[in-house]
Amino acid sequence: MGIQEKIKEIEEEMARTQVNKATEYHLGVLKAKLAKLRRQLIAPKGSGGKIGFDIRKSGDATAVIIGLPSVGKSTLLNKLTRAQSRAAAYAFTTLKCIPGVMEYKGARVQILDLPGIIKGAKDGRGRGREIISVARNSDLILVLVEAMHPKQIKTIESELHGFGIRMNQKPPHVVINKLLKGGVTINSTVKLTKISENEIMAALNEYRIFNANVVLREDVSIDQFIDVLEANRAYVPAVYLLTKSDLVTKKDLKNMPFKYDIAVAAEKDEGIEGLKEMIYQRLELISVYTKRKGEAADLEEPLVVRKGTTVGEVCERLHRDLRKEFRYAMVWGKSVKHQPQRVGLEHVLADGDIVQIAKR
Ligand SMILES: Nc1nc2c(ncn2[C@@H]2O[C@H](COP(=O)(O)OP(=O)(O)OP(=O)(O)O)[C@@H](O)[C@H]2O)c(=O)[nH]1
Ligand SMILES: [Mg+2]
């Protein structure tokens with residue numbers, strides 16, 4: 001039996017099974033089995049088999065445009081950047097990954113236009129796996145849904161979810177410490193309302209974990225718990241966009257069946273500036289300035305990086321060998337108590353910081 005059929009069989013069994021105390025262990029096992037099968041499905045085939053379009057990351061951060069065919073992805077790319085991705089009234093106009101650069105408030109954000117995804121993309125239909133794997137490795141996903149067809153959101157969410165992408169979620173606060181003996185102990189620092197001990201035991205058993213300390217610091221579901229066991233999920237921020245908003249009424253926009261972040265009509269130049277600002281905000285970009293010893297800081301040309309960036313990562317951006325030659329850095333700004341303060345590679349920088357690097 002192929003993986004697809006096994007998945008289908010388990011899904012059918014889950015659909016038949018009533019959810020109650022007596023079945024929750026069994027359902028936990030089935031969910032874990034499903035996760036393991038899906039992993040096989042999304043793993044690259046063969047040795048060194050690469051999935052994804054051959055696109056080099058560039059700029060300060062990367063955002064991808066994801067949506068069904070003909071929803072207006074290329075039209076949007078062309079409005080956000082100076083790229084000229086072909087847009088046309090038929091499906092699958094775009095067959096490759098087309099990059100563009102959005103310049104906004106001193107930041108250069110790489111935006112990637114992709115072919116449309118279709119139902120079954122995660123299982124290999126179309127170039128689905130390649131498309132989704134580009135999304136997995138990006139810093140932000142722009143989810144495009146046509147205002148006339150809000151149900152498209154279901155397809156996109158389920159395809160990306162099936163490929164291990166968790167949009168707008170944080171990694172669950174669950175720690176599983178494997179031990180050599182002693183069985184399983186489960187502790188939680190919050191009241192658990194979505195998961196039972198039985199389900200946890202079923203999932204652990206399925207992953208052949210018989211001795212472990214499990215600590216739950218968040219009220220997670222069994223699916224999130226399995227995400228922790230799988231340990232290969234990509235937690236990527238996303239912006240939900242309605243496209244072609246000119247084709248529906250204001251009332252329709254108010255009554256959308258899902259919560260979207262912004263509506264645009266790219267062809268009419270509506271909503272583009274607002275979207276640029278939203279992309280900038282959601283990427284949590286900050287500016288840091290570099291300074292040479294004995295000279296003033298270069299406040300003209302900031303280095304734009306993502307929030308949470310360390311001194312080591314800044315070194316990598318500045319020069320290939322700088323990290324190896326690094327001795328220490330002097331930092332002025334909000335991330336340090338003393339002005340300046342001597343810090344190491346792991347130091348996390350804040351917006352507006354000035355950095356001076358001392359080499360060996
Ligand atoms: N009314 C309206 N039509 C639009 C808008 N944006 C795009 N379109 C039209 O929608 C069609 C598809 O646009 P594309 O930008 O090629 O869509 P796509 O998502 O890149 O399509 P594929 O690459 O084939 O997946 C074209 O006929 C566009 O003219 C819009 O804001 N309003
Ligand atoms: Mg296109």
Side-chain angles (χ1 to χ4, degrees), residues 51-55 62-102 109-136 138 140-160 162-163 165 167 238-256 258 260-279:
I51 47 171
F53 295 91
D54 208 5
I55 282 289
T62 301
V64 295
I65 302 180
I66 292 284
L68 270 57
S70 274
V71 299
K73 299 182 293 300
S74 301
T75 306
L76 183 67
L77 175 83
N78 297 345
K79 292 292 175 178
L80 289 174
T81 73
R82 263 180 251 157
Q84 292 183 2
S85 187
R86 203 180 135 81
Y90 53 87
F92 297 109
T93 306
T94 310
L95 298 169
K96 289 188 305 186
C97 180
I98 313 278
V101 178
M102 177 186 104
V109 178
Q110 182 183 42
I111 313 261
L112 302 178
D113 177 27
L114 289 157
I117 60 168
I118 44 176
K119 198 157 183 283
K122 63 178 186 294
D123 306 333
R125 282 191 67 198
R127 296 196 73 179
R129 290 153 50 108
E130 288 143 294
I131 297 166
I132 305 176
S133 81
V134 175
R136 239 191 107 101
S138 69
L140 179 70
I141 300 175
L142 306 177
V143 176
L144 269 58
V145 169
E146 276 173 304
M148 314 84 91
H149 304 290
K151 279 196 185 135
Q152 292 173 350
I153 190 69
K154 293 264 174 267
T155 307
I156 297 174
E157 279 183 334
S158 115
E159 294 302 317
L160 298 195
F163 211 75
I165 298 177
M167 287 192 284
V239 171
Y240 286 27
L241 265 103
L242 279 186
T243 63
K244 308 188 187 179
S245 63
D246 54 309
L247 298 181
V248 298
T249 63
K250 286 225 161 62
K251 195 165 159 238
D252 291 336
L253 286 178
K254 254 198 200 133
N255 298 327
M256 280 295 149
F258 75 102
Y260 62 92
D261 297 301
I262 189 167
V264 300
E267 227 169 42
K268 305 272 185 300
D269 272 315
E270 282 168 26
I272 302 299
E273 284 310 304
L275 176 60
K276 284 184 181 176
E277 174 66 22
M278 192 173 279
I279 292 171

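Atoms within each ligand, like the ligands themselves, are counted from 1 in listed order. In this chain, residues are counted from 1 in sequence order.
Closest to atom 14 (P) of ligand 1 among all protein heavy atoms lies Thr75 OG1, 3.7 Å. What sits closest to atom 3 (N) of ligand 1 on the protein, heavy atoms only, is Glu267 OE1, 3.3 Å. In this structure, atom 17 (O) of ligand 1 lies nearest to the protein heavy atom Gly72 N, 3.1 Å. Closest to atom 10 (O) of ligand 1 among all protein heavy atoms lies Lys244 NZ, 3.0 Å. Here the heavy atom of the protein found nearest to atom 27 (O) of ligand 1 is Ala89 CA, 3.3 Å.
With a 4.0 Å cut-off on non-hydrogen atoms, Ala88 touches ligand 1 through its backbone and not its side chain.
In this structure, Leu247 has a heavy atom closer than 4.0 Å to ligand 1.
Considering both main-chain and side-chain atoms, Phe92 comes within under 3.5 Å of ligand 1 through a nitrogen or oxygen pair. Considering backbone and side-chain atoms together, Ser70 places an N or O closer than 3.5 Å to an N or O of ligand 1. At least one N or O atom of Thr94, backbone or side chain, sits closer than 3.5 Å to an N or O atom of ligand 1. Inclusion of Ala91 in the set of residues having an N or O under 3.5 Å from an N or O of ligand 1 is not warranted. Considering backbone and side-chain N/O of Ala266, one or more are found under 3.5 Å from N/O of ligand 1. For a threshold of 3.5 Å applied to N or O pairs, the pair formed by Pro115 and ligand 1 contains no separation below that value.
Here Thr75 fails the criterion, with no N, O or S atom under 2.8 Å of the Mg ion (ligand 2). At a cut-off of 2.8 Å, Thr94 is counted among the residues with an N, O or S atom near the Mg ion (ligand 2).
Between Ala238 and Asp261, the closest heavy-atom pair is O-OD2, 4.1 Å. Residues Ser70 and Ala88 share a closest heavy-atom pair of OG-O, 4.3 Å. Among all heavy-atom pairs drawn from Leu144 and Ile156, the shortest one is O-CD1, 3.6 Å. Nearest heavy atoms, Pro150 versus Val145: CA-CG1, 3.7 Å.
No donor-acceptor contact under 3.5 angstrom links the side chains of Asn78 and Ser85, judged on distance only. Checked by atom type, the side-chain pair Thr94/Ser74 shows a donor-acceptor distance below 3.5 Å.
Around the CD atom of Gln84, the shell of radius 6.0 Å holds no more than 12 heavy atoms that belong to other residues, nucleotides or ligands. Atom NZ of Lys276 sits in a crowded spot, with more than 12 heavy atoms from other residues, nucleotides or ligands closer than 6.0 Å.
Checking Lys73, Met148, Glu270 against atom 25 (O) of ligand 1, the nearest heavy atom belongs to Lys73.
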(Q) Show, in sequence, the C-alpha distance, side-chain angles and deciding distance for Tyr240 and Ile262, and conclude whether the side-chain contact (heavy atoms from CB on, under 4.5 Å) test is met. (A) CA-CA 7 Å; Tyr240 286 27; Ile262 189 167; over 6 Å; no
Q: Start with the C-alpha distance between Leu76 and Ile272, add both sets of side-chain angles, then the distance that settles side-chain contact (heavy atoms from CB on, under 4.5 Å), and finish with yes or no.
A: CA-CA 8 Å; Leu76 183 67; Ile272 302 299; 3.8 Å; yes
Q: Please lay out, stage by stage, how Val239 and Val143 fare under the test side-chain contact (heavy atoms from CB on, under 4.5 Å).
A: CA-CA 6 Å; Val239 171; Val143 176; over 6 Å; no
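Contact atoms of ligand 1 toward Ser74: 15 (O), 18 (P), 20 (O) (distance under 4.0 Å to a heavy atom of the residue). Listed by number with element, the atoms of ligand 1 under 4.0 Å from a non-hydrogen atom of Asp246 are 1 (N), 2 (C), 30 (C), 31 (O), 32 (N). Atoms of ligand 1 found under 4.0 Å from any heavy atom of Tyr90, numbered from 1 in the order shown, are 24 (O). Ligand-side atoms of ligand 1 in range of Ala87: 14 (P), 15 (O), 16 (O), range being under 4.0 angstrom from any heavy atom.
In terms of modelled atom types and a separation under 3.5 Å, the side chain of Thr243 and the main chain of Gly72 share no donor-acceptor contact.
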